[in-house]
Amino acid sequence: MIVETRLKFLNNQPVARGNYILYWMQQSQRAEWNHALEYALYRANDLDLPLLVCFGLNSDYPLATARHYRFMLEGLKETAKALEEKGVKLVVRIGNPPAVTAQLAEKAALTITDCGYLRLQRQWRQEAASKIKCPLIQVESDVIVPVEEASAKEDYTAGTFRPKILRQLHEYLQPLKAAKAKRDSLGLNIESENCDDISGLMLKLNFADEDNLLDWIHGGTGEAKKRLEQFIENKLDRVPDERNDPAKNCVSRLSPYLHFGQISPIFVALAIRESGSRGSDIFLEELIVRRELAMNFVYYNPNYDSLTCLPDWALISLKNHADDRREYLYSLADLEAAQTHDQYWNAAQKELLLRGHMHGYMRMYWGKKILEWSPSPREAFQQAVYLNDRYSLDGRDPNGYAGVAWCFGKHDRAWGERPVFGKVRYMNEAGLRRKFDIDSYVEQIEAL
DNA sequence: ATCGGCTCGCGCAA
DNA sequence: TGCGCGAAGCCGAT
């Protein structure tokens with residue numbers, strides 16, 4: 001049914017006498033291509049019990065703002081409907097997710113959950129595991145190859161990680177059969193927030209900040225699939241030549257959907273592969289090798305969001321240059337307001353503010369310059385993480401932390417020594433001009 | 001325009 | 001122990 005290496009038993013409780021099986025949805029916020037959901041359905045049908053899905057909504061997730069919550073709620077609304085069609089009720093409650101779950105688990109025979117690797121998500125699962133009096137089973141559904149199977153340790157670069165994950169791909173990059181509930185839970189009388197009322201929920205969560213909302217992108221599995229289809233149809237062939245060009249818009253913008261678990265990486269990878277496009281290999285390298293290297297990074301490195309996550313050569317080298325004179329120094333407020341001397345950097349920051357998204361190539365340049373213009377590498381790292389987490393729709397994601405860390409030397413090799421950067425790879429605006437029509441990018445952003 | 005060097009550590013071959 | 005190789009760039013030599 002579900003491959004055993006996707007499962008992890010988080011406590012030692014025996015199956016209880018309960019009224020239902022509970023699936024605590026948190027990372028995989030979707031009703032299709034969801035291994036945790038399918039495993040829960042399988043156990044529910046096997047035990048002849050209904051399946052109840054719960055979601056804990058807390059309004060104080062660090063650095064999450066109105067744009068993130070609305071995107072997530074749009075997705076949940078659609079997911080609630082799709083679950084209903086399978087005979088499954090979704091209970092959404094405001095509160096600390098493990099507490100919400102533990103309460104509903106009192107009447108559950110068995111609790112299933114999905115899997116994210118950030119510090120807070122792991123704490124939540126630990127907290128729930130200690131409170132719940134029935135088994136709590138974690139099912140991995142947001143990476144293609146389960147993290148511990150892909151590699152037993154933190155990998156040094158993509159070069160070491162790539163062969164490890166690619167040789168296991170055939171085993172895990174497989175379609176998932178969808179089941180329906182034998183006994184439905186729709187009639188269960190259990191209190192829930194109304195997922196259809198997104199603006200009402202936003203108010204309850206104390207988010208009335210209309211300024212921070214985005215109108216060019218909306219959450220949900222349907223939206224994600226539409227974007228994927230259009231990307232394959234219109235852009236994938238151009239990926240080998242144009243993916244790095246900020247002026248070309250040759251990007252999928254699927255990362256927010258992957259971040260909130262609104263689309264399955266397996267579904268995306270299979271669709272890309274089946275397209276047979278000349279861009280498939282490069283896209284799959286980014287979706288699988290790079291994305292899952294980021295998972296490997298946050299899973300094995302507890303310091304993933306601070307400077308100390310770096311390899312020794314980078315840490316030592318940056319320290320050796322801590323006292324170098326900085327030609328430009330900006331405060332967090334300067335950076336946040338996109339007010340530097342560099343129009344390319346300002347454009348990238350404005351894209352982040354206005355779209356909640358930044359072109360992949362500009363993310364590198366943007367992070368490198370924060371390192372160059374901050375009083376210390378430590379402050380630079382914190383500021384880059386803060387800005388990305390707060391403004392990017394895909395903030396607070398393993399890819400975001402790995403991306404910032406890369407700018408400071410993570411997953412990279414040493415390069416020629418220079419001021420401030422030491423041996424960390426340097427980037428400059430001449431590179432942008434040499435390779436791209438970067439002024440066109442600036443114009444596009446200014447037009448927003 | 002194109003190309004090699006920069007520099008480090010992993011991981012495999014011996 | 002030695003050595004090939006990575007890898008989303010820059011820079012100076014040709």
Side-chain angles (χ1 to χ4, degrees), chain A residues 150-168 235-236 238-255 279-294 296-297 300-301 309-321 324 327 342 344-345 348 351 357-372 384 388 394 398-438 441:
Chain A
S151 174
K153 66 184 187 94
E154 184 187 1
D155 272 72
Y156 193 75
T157 62
T160 60
F161 185 68
R162 187 176 297 109
K164 294 184 196 174
I165 194 162
L166 291 184
R167 70 171 163 252
Q168 298 182 66
K235 297 182 179 171
L236 188 53
R238 295 189 280 120
V239 157
D241 313 311
E242 297 183 11
R243 75 185 187 289
N244 281 336
D245 189 336
K248 288 286 187 1
N249 190 24
C250 186
V251 291
S252 71
R253 298 191 206 272
L254 281 175
S255 61
S280 295
D281 285 350
I282 288 169
F283 189 88
L284 290 174
E285 161 78 13
E286 290 179 11
L287 176 70
I288 302 172
V289 179
R290 296 277 161 184
R291 179 169 182 271
E292 303 204 358
L293 177 62
N296 168 281
F297 170 51
Y300 288 112
N301 195 323
C309 74
L310 298 182
D312 284 345
W313 69 264
L315 216 46
I316 291 167
S317 186
L318 288 172
K319 217 160 258 169
N320 287 340
H321 290 269
D324 291 1
E327 195 171 347
D342 178 341
Y344 307 135
W345 192 93
E351 185 179 17
H357 197 271
M358 192 189 298
H359 190 281
Y361 196 90
M362 293 309 287
R363 288 188 191 213
M364 297 189 275
Y365 180 79
W366 175 87
K368 293 284 184 190
K369 292 294 142 183
I370 295 177
L371 169 58
E372 188 175 341
N388 185 62
D394 60 13
N399 275 287
Y401 298 119
V404 168
W406 181 87
C407 296
F408 293 72
K410 190 81 201 175
H411 296 156
D412 203 5
R413 45 166 287 199
W415 297 87
E417 191 113 7
R418 62 156 56 232
V420 183
F421 284 79
K423 291 168 179 166
V424 172
R425 184 196 298 250
Y426 173 68
M427 287 175 83
N428 63 11
E429 60 177 68
L432 295 177
R433 279 198 293 264
R434 187 173 63 243
K435 284 180 246 189
F436 315 118
D437 181 4
I438 194 66
Y441 171 71

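The figures here come from the full heavy-atom set of this structure, side chains too, leaving out hydrogens, waters and symmetry mates. Proteins get letters first, then strands, A, B, ... in listed order; numbering begins at 1 in each.
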Which is true for A:Arg418 with a 4.0 Å heavy-atom rule: it touches a base, it touches only sugar-phosphate, or it touches nothing? sugar-phosphate
Using a heavy-atom cut-off of under 4.0 Å over every strand shown, decide if A:Asn428 touches base, sugar-phosphate, or nothing. sugar-phosphate
Please name the nucleotide paired to B:dT7 by Watson-Crick or G-U wobble geometry with both distances under 3.5 Å, or report none. none
Distance in angstrom units between A:Trp406 CH2 and C:dA8 P, rounded: 8 Å
Are any of A:Lys423's side-chain N or O atoms less than 4.0 Å away from OP1 or OP2 of C:dG9? no
For the P atoms, the ones on C:dG9 and on B:dG9, what distance do you get once it is rounded to whole angstrom? 22 Å
NA contact type, A:Ala430, heavy-atom cut-off 4.0 Å: base, sugar-phosphate, or nothing? nothing
Can you tell me if A:Tyr361 touches the phosphate of C:dG9, counting only side-chain N or O atoms and a distance under 4.0 Å to OP1 or OP2? yes
Give me the one residue out of A:Phe297, A:Trp406, A:Tyr401 that meets ring-ring contact (aromatic ring centres under 6.0 Å, His included) with A:His411. A:Phe297
Pick base, sugar-phosphate or nothing for A:Arg434, based on heavy-atom distances below 4.0 Å to the nucleic acid. sugar-phosphate
Starting the side chain at C-beta, find the nucleotide from B:dT7, B:dG9, C:dC10 nearest to A:Trp313. B:dG9
Is any side-chain N or O of A:Arg290 closer than 4.0 Å to OP1 or OP2 of C:dA8? yes
For C:dA8, which nucleotide is its Watson-Crick or G-U wobble mate, given both distances must be under 3.5 Å? none
Looking only at atom P, what distance separates C:dA8 and B:dA1, rounded to whole Å? 23 Å
For A:Asp155 and C:dG6, give me the distance from atom CG to atom P, rounded to whole Å. 16 Å
Over how many whole Å does the gap from A:Tyr426 atom OH to C:dG12 atom P extend? 11 Å
Does A:Glu154 pair with A:Lys410 as a salt bridge, N-O distance under 4.0 Å? yes
Might you point out which heavy atoms bring A:Met362 and A:Tyr344 nearest each other, and give the distance in Å? CE-O, 3.6 Å
What's the CG-C1' distance between A:Leu293 and C:dA8, to the nearest Å? 13 Å
Using atom CD of A:Glu154 as one end and atom P of B:dG9 as the other, report the distance to the nearest whole Å. 14 Å
How far apart are the C-alpha atoms of A:Arg291 and A:Glu286, what are their side-chain angles, what is the distance that settles it, and do they pass the salt bridge (Lys or Arg N to Asp or Glu O under 4.0 Å) test? CA-CA 6 Å; A:Arg291 179 169 182 271; A:Glu286 290 179 11; over 6 Å; no
Work out how far the C1' atom of C:dC10 is from that of B:dC10, and round it to whole angstrom. 25 Å
Value in whole Å for how far the P atom of C:dG9 lies from OH of A:Tyr365: 14 Å
Using whole Å, report how far CZ of A:Phe421 lies from C1' of C:dC11. 15 Å
Between the side chain of A:Lys369 and the main-chain N/O of A:Trp345, is any donor-acceptor distance below 3.5 Å? no
Counting the atoms with a prime plus P, OP1 and OP2 as sugar-phosphate, which does A:Lys368 contact under 4.0 Å by heavy atoms, base, sugar-phosphate, or nothing? nothing
Taking OP1 and OP2 of B:dC10, is either one under 4.0 Å from a side-chain nitrogen or oxygen of A:Lys164? no
When rounded to whole Å, the CG to C1' distance for the pair A:Asn244 and C:dG9 reads 12 Å
Report which part of the nucleic acid A:Met427 touches: base, sugar-phosphate, or nothing (heavy-atom distance under 4.0 Å, all strands). sugar-phosphate
Flag the pair A:Glu429 and A:Arg433 as a salt bridge only when some basic side-chain nitrogen lies within less than 4.0 angstrom of an acidic carboxylate oxygen. yes
A:Trp415 side chain, from C-beta outward: closest of B:dC6, C:dA8, B:dG11: B:dC6
From the list B:dC10, C:dC11, C:dA8, which nucleotide is the closest neighbour of the side chain of A:Met364? C:dA8
